[in-house]
Amino acid sequence: MRIATWNVNSLKARLSFVESWIGEVQPDVLCLQETKMKDAAFPSGVFAALGYETVHFGNSQWNGVAIASRVGLVSAQQGFDGEDPSQVPEARIVSATCGSVRVSSVYVPNGRSVGSEHYAYKLDWLARLTTHLEATCTPDQPVAVCGDFNVAPDDRDVWDPAACTGMTHVSSAEREALEALERWGLTDSFRLFHKDGGLYSWWDYQGGSFHKGIGMRIDLVLVSRPLADRAISALVDRNARKKRDGMSPSDHAPVVVEFAD
DNA sequence: ATGGTAGCGCTGCTA
């Protein structure tokens, strides 16, 4: 089973790119973030034509998350457990069972600056993610929580730790929130195959960051033990961070993890 | 060089 996650920075602007990429990579499950559209605008027919069932959660021109699956998609849930999706201010998590795996696609708040109210909201959101998992599944099941976490797990995951000091994405509190997810029973599947670091999933659009190697690994596929034990390989598709056929890329590259069936 | 890029939607916000 091939599971991928990709912050596409507007699905409307990126749809042809995403279609092309799906045809090339053939993921079984694809988690998308920053679709930047409402549910009514989600192009489910395009995915259906490619053989994918989908669920989307978007309620404005910001945020928006989706799951596309060609191995079944049932028991979809928009938002955190116990929330009324119509009352959720920001659409940042959607979950569904794809094959035997309970999948969530998450777009963690950016946080903007350490100490700001947005930063507190980010930490609270991550704590609620742990609570959501506790309420909806168990770590002895196959669980995959995939998405843009806006946190680099450790210093191997940023181009220059010194340059990032004091910034969001690297603070102790953010990393401890990820560790709380790991204590619940999730493993950073990409890390299993890349201990040395230096591989990133996001590069700022500005200043030629991609070509300068100025990036961070903030897009993660966190999996429970039954899946971690079956992980075969993991990669960042850097080619998808480059223009193709005149189509401009997202500022994130897709992360793809392969699991034995 | 207090900039730079991209997407939203139409003025400035978000990342």
Side-chain angles (χ1 to χ4, degrees), chain A residues 5-21 31-43 46 56-66 79 88-94 105-126 129 146-153 157-160 163-171 173-175 177-178 200-220 236-255:
Chain A
T5 186
W6 194 5
N7 178 324
V8 293
N9 186 23
S10 171
L11 185 58
K12 183 182 175 190
R14 213 75 58 210
L15 186 57
S16 296
F17 202 126
V18 172
E19 282 185 84
S20 163
W21 185 86
C31 294
L32 299 170
Q33 300 85 38
E34 284 209 84
T35 59
K36 294 188 173 179
M37 57 177 54
K38 297 182 181 182
D39 288 340
F42 183 77
V46 171
H56 178 258
F57 184 32
N59 54 15
S60 76
Q61 74 271 45
W62 306 115
N63 313 304
V65 285
V88 173
E90 297 184 342
R92 293 182 178 275
I93 177 170
V94 67
S105 177
V106 303
Y107 176 46
V108 176
N110 174 283
R112 301 193 195 181
S113 60
V114 173
S116 68
E117 62 183 286
H118 301 280
Y119 178 77
Y121 176 66
K122 177 181 195 172
L123 296 177
D124 181 63
W125 197 94
L126 281 164
L129 177 55
C146 314
D148 177 359
F149 283 77
N150 273 314
V151 182
D157 301 310
V158 300
W159 80 99
D160 181 356
C164 298
T165 302
M167 296 168 61
T168 59
H169 297 56
V170 301
S171 72
E174 289 164 271
R175 288 175 169 171
L178 280 190
Y200 312 128
S201 64
W202 169 84
W203 301 260
D204 199 305
Y205 278 124
Q206 301 178 61
S209 296
F210 178 72
H211 295 287
K212 294 176 183 171
I214 298 175
M216 294 187 179
R217 187 174 70 92
I218 57 176
D219 298 274
L220 310 177
V236 177
D237 186 359
R238 289 171 51 90
N239 279 331
R241 181 61 176 74
K242 302 170 184 169
K243 187 175 273 204
R244 64 165 66 176
D245 299 332
M247 297 182 289
S248 63
S250 169
D251 48 349
H252 296 251
V255 175

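Just so we're on the same page: letters track the sequence lines, and every chain starts at 1. Because only heavy atoms are used, hydrogens play no part in the values below, and waters and symmetry mates are left out as well, while side chains stay in.
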(message) On DNA chain B, compare the nucleotides closest to Y205(A) and D148(A); which residue's is nearer the 5' end?
(response)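 Closer to the 5' end of DNA chain B: Y205(A).
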
(message) Need to verify one output field. Residue with the more 5' nearest nucleotide on DNA chain B, Q206(A) or Q61(A)?
(response)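 Nearest-nucleotide comparison on DNA chain B picks Q206(A).
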
Distance check needed: [N] [atom2] versus [X] [atom1], whole Å only.
{"X": "E34(A)", "N": "dA6(B)", "atom1": "CD", "atom2": "P", "answer": "15 Å"}
{"X": "Q33(A)", "N": "dT14(B)", "atom1": "CD", "atom2": "C1'", "answer": "17 Å"}
{"X": "W62(A)", "N": "dG7(B)", "atom1": "CH2", "atom2": "P", "answer": "12 Å"}
{"X": "E90(A)", "N": "dT14(B)", "atom1": "CD", "atom2": "P", "answer": "10 Å"}
{"X": "D204(A)", "N": "dT14(B)", "atom1": "CG", "atom2": "C1'", "answer": "12 Å"}
{"X": "M247(A)", "N": "dG7(B)", "atom1": "CE", "atom2": "P", "answer": "13 Å"}
{"X": "N7(A)", "N": "dA6(B)", "atom1": "CG", "atom2": "P", "answer": "16 Å"}
{"X": "D251(A)", "N": "dC8(B)", "atom1": "CG", "atom2": "P", "answer": "12 Å"}

(message) Using modelled atom types and a 3.5 Å cut-off, is there a donor and acceptor pairing between side-chain atoms of R14(A) and backbone atoms of N9(A)?
(response)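 Looks like yes, one N/O pair under 3.5 Å.
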
Grab the two heavy atoms, one from [X] and one from [Y], that are nearest each other, plus how far apart they are.
{"X": "W6(A)", "Y": "H252(A)", "result": "NE1-O, 3.1 Å"}
{"X": "Q33(A)", "Y": "T5(A)", "result": "NE2-OG1, 3.0 Å"}
{"X": "A66(A)", "Y": "F42(A)", "result": "CB-CE1, 3.9 Å"}

(request) Answer yes or no: are there more than 12 heavy-atom neighbours, outside D245(A) itself, under 6.0 Å from its atom CG? (result) no

(message) Applying a 4.0 Å non-hydrogen cut-off, can you work out what S248(A) is touching in the nucleic acid: base, sugar-phosphate, or nothing?
(response) sugar-phosphate

(message) Taking any heavy-atom pair under 4.0 Å as a contact, classify Y107(A): base, sugar-phosphate, or nothing.
(response)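 Sugar-phosphate: the residue Y107(A), judged by heavy atoms under 4.0 Å, touches backbone atoms but no base.
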
(message) Would you compute the distance between atom CG of D219(A) and atom OH of Y200(A) and round it to the nearest 0.5 angstrom?
(response)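 Between atom CG of D219(A) and atom OH of Y200(A) there are 14.0 Å.
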
(message) Do W202(A) and D148(A) pair up side chain to side chain, a donor and an acceptor below 3.5 Å, judged on atom types alone?
(response) no

(request) Give a yes/no on whether any side-chain N or O of R14(A) is located under 4.0 angstrom from OP1 or OP2 of dA6(B). (result) no

(message) When you measure from the side-chain N and O atoms of S250(A) to the phosphate of dA15(B), is any distance below 4.0 Å, counting only OP1 and OP2?
(response) no

(message) Expected output is a numbered-order residue list: members of residues 111-119 of chain A with a heavy atom under 4.0 Å from any atom of DNA chain B. What is it?
(response) R112(A)

(request) Could you work out the separation of dG3(B) and dG12(B) based on their P atoms and round it to a whole Å? (result)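 The same atom, P, in both gives a distance of 16 Å.
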
